Amino acid sequence: MTTNPLLQALLPLVDDLARDLSEPERHRRLLLALRELMPCDAVALLKLEGQHLTPLAVDGLSADTLGRRFRVDEHPRLAALLERPGATRFAADCPLPDPYDGLVEGHGGHLEVHDCLGCPLYLDERPWGLLTLDALEPSRFGQVDLDNLETFASLAAATVKAGERFNGLARRIEDERQRAETYRQAAAGQREREMIGQSAAHRRLLEEVALVGASELGVLIQGETGVGKELVAQALHAASSRASAALISLNCAALPDTLVESELFGHVRGAFSGAHAERRGKFELADGGTLFLDEVGELPLAAQAKLLRVLQSGQLQRVGADREHHVDVRVLAATNRDLAEEVRQGRFRADLYHRLSVYPLRVPPLRERGRDVLLLAGYFLEENRHRLGLRSLRLGPEAQAALLAYGWPGNVRELEHLIGRAALKALASSRERPRILSLQPEHLDLPLASPVREPVASPSAPVPRGDLKSAVDAYQRQLIEACLQRHAGNGAAAARELGLDRANLHRLARRLGLR
């Protein structure tokens, strides 16, 4: 008895409908089933978000594809797929440019002659996204594949809907983030940015953002320069009940000491030389919403005292005014300094530190995020492709390896600037404007030495003596003690850094004689 291949592909998906799978795993299994039904060189699941199609899962495409955001109006094949209700096959000689030019693994050249299928997915009769298939052979697909893809797409939509049901909270937070980001970008006139990543460290960060974002707690966002602390602040605001109100940002490091109080609290006319009119401060502008104080460790001590008073009472007084105002503001703060050490050195008020750091939130550096560097690179590659007017901008395999091997002392900001420089350098070195511009290691110009791994002890290094348990206890004691010192004795923050439950850390520290 011959088994119907379509039925064979659909049965695992039907079984998955009742499973509580993570979204990445659900999407991976979906594409695996599709590729088994219709063998090809690349498949992708893309979600429609506004005017962009966002890749949620790919198989057979370069890893950086997941970081790209395809504008529908810039990719006519994707636009054509969205306009038609059923499956569509593009002829091998179709003149429309392919969005995956240069991105199919093992095939860095053009995709001028190949077979391409696609089908839109609908949820509740609304277009949700696309399934796409690419084969390098020009006659791989036939009419039966079109029919099978339409049937498969119907169940794929049900699979996606099940995933969204199981992950409803995360979806609502994402919707709120997008709504708040739209509000903020409309006010600031800037291009939208998002938190991109799939690593365990990044997922933990998103979980913490979802947890504390919905509260009214003050959050101290800690992390190295360039990790994206402002993006985290935006996500916290978007996850809060204040998401429909304003998010006001202030870079404390960019203010002269003489203007800090005026920027924070406002001033009245004639309060000081040059104060020709009344001016509202950031606290008043953020009333009902959120105030983000970036580089809060740079505030002078005098301003710290007045900031503390506003945080404690909600009452502020404009510079030169007699009357007080009451404001309702949630304050998020960020720093790349060790504020606990600043407190010990007398450069930061202890009471303000404790008020700001009700919930300390550490943003992991890029070197701890593994292959997220390729997703982020894909996002910046697509930005630069659009900016430079290129058909395709990609990373060669050696360039991908170089990005993964580098230590990124400047984190995501360094990666963004590096991709921009590399694209310009590669374009300048081309004799003619290429259809596909591939970045190679020489365009990246990364240092040869990379601080990714800790140095391995040399053979001559002394080897600890004694039994294994004593040696392990000594190492754990040293590691935990150093971590607690970095976080000024904050057990919750230390537990997060060490990847332990707080109660387990407390028990371990007590056993090792640290409590």
Side-chain angles (χ1 to χ4, degrees), residues 212 215-223 229-230 232-233 236-237 242 245-275 277-361 485-490 493:
V212 72
S215 73
E216 285 291 304
L217 297 179
V219 181
L220 180 62
I221 306 167
Q222 299 167 304
K229 295 187 286 294
E230 185 173 3
V232 173
L236 287 167
H237 174 70
R242 300 170 180 264
L247 169 64
I248 303 297
S249 299
L250 178 65
N251 187 339
C252 302
L255 294 174
D257 290 358
T258 53
L259 294 180
V260 170
E261 291 183 30
S262 173
E263 284 292 321
L264 284 172
F265 313 122
H267 62 254
V268 298
R269 182 179 179 181
F272 50 83
S273 178
E278 283 196 359
R279 187 172 187 272
R280 292 193 298 166
K282 300 297 186 185
F283 266 97
E284 288 186 74
L285 292 173
D287 193 14
T290 305
L291 176 60
F292 173 52
L293 300 177
D294 198 8
E295 302 299 346
V296 70
E298 305 296 330
L299 282 176
L301 285 169
Q304 291 178 30
K306 295 187 177 181
L307 173 60
L308 177 64
R309 181 174 180 273
V310 177
L311 295 180
Q312 289 173 333
S313 66
Q315 297 292 126
L316 67 82
Q317 193 170 349
R318 292 180 181 176
V319 178
D322 297 324
R323 188 166 57 90
E324 289 189 333
H325 293 273
H326 183 271
V327 290
D328 172 26
V329 176
R330 183 189 189 186
V331 173
L332 308 175
T335 183
N336 58 10
R337 290 190 177 194
D338 182 350
L339 282 193
E341 179 59 28
E342 295 294 298
V343 169
R344 285 190 287 271
Q345 296 295 328
R347 293 189 290 263
F348 202 85
R349 293 179 61 103
D351 44 9
L352 178 59
Y353 168 66
H354 293 300
R355 174 69 64 168
L356 292 173
S357 61
V358 176
Y359 192 98
L361 183 62
Q485 286 178 356
R486 280 197 300 276
H487 293 282
N490 188 318

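All values reported here derive from a predicted model rather than from experimental measurement.
With sequence neighbours excluded, the residues forming a side-chain contact (heavy atoms from CB on, under 4.5 Å) with E324 are R309, Q315, Q317, listed by chain and number. In this structure A253 satisfies the side-chain contact (heavy atoms from CB on, under 4.5 Å) test together with N251, E295, E298, sequence neighbours excluded. Here T290 pairs with H237, R242, L247, R330, L332 under the side-chain contact (heavy atoms from CB on, under 4.5 Å) rule; sequence neighbours left out. Legend: residues meeting side-chain contact (heavy atoms from CB on, under 4.5 Å) with K282, ordered by chain and number and at least two apart, are I248, L250, E263, L285, L291.
L236 places none of its side-chain heavy atoms less than 4.5 Å from the side chain of F292. With contacts defined as side-chain heavy-atom distances shorter than 4.5 Å, the pair L356/F348 qualifies. Using a 4.5 Å cut-off on side-chain heavy atoms (C-beta onward), V219 and V232 make no contact. Side-chain contact check for V296 versus L339: some heavy-atom pair is nearer than 4.5 Å.
Rounded to the nearest 0.5 Å, atoms CZ (F283) and CG (L307) are 5.0 Å apart. Distance check: T335 OG1 to K229 NZ gives 7.5 Å after rounding to the nearest 0.5 Å. Rounded to the nearest 0.5 angstrom, D338 CG and R344 CZ are separated by 6.0 Å. Rounding to the nearest 0.5 Å places OG of S357 at 9.0 Å from CG of L352. With rounding to the nearest 0.5 angstrom, the CD1 atom of I221 is 12.5 Å from the CG atom of N336.
Contact between A245 and G288 at its shortest, heavy atoms only, is CB-O, 3.4 Å. The minimum heavy-atom distance linking V343 with A350 is given by the pair CG1-CB, 3.6 Å. The two residues Q222 and P360 make their nearest non-hydrogen contact at OE1-CB, 3.7 Å. Considering every non-hydrogen atom in both L301 and G346, the closest pair reads CD1-O, 3.9 Å.
Residue pairs meeting the salt bridge (Lys or Arg N to Asp or Glu O under 4.0 Å) criterion with at least one member in residues 345-358, sequence neighbours excluded, are E342-R347, R349-D351. Listed by first then second residue, pairs satisfying salt bridge (Lys or Arg N to Asp or Glu O under 4.0 Å) with a partner in residues 283-294 read E284-R318, not counting sequence neighbours.
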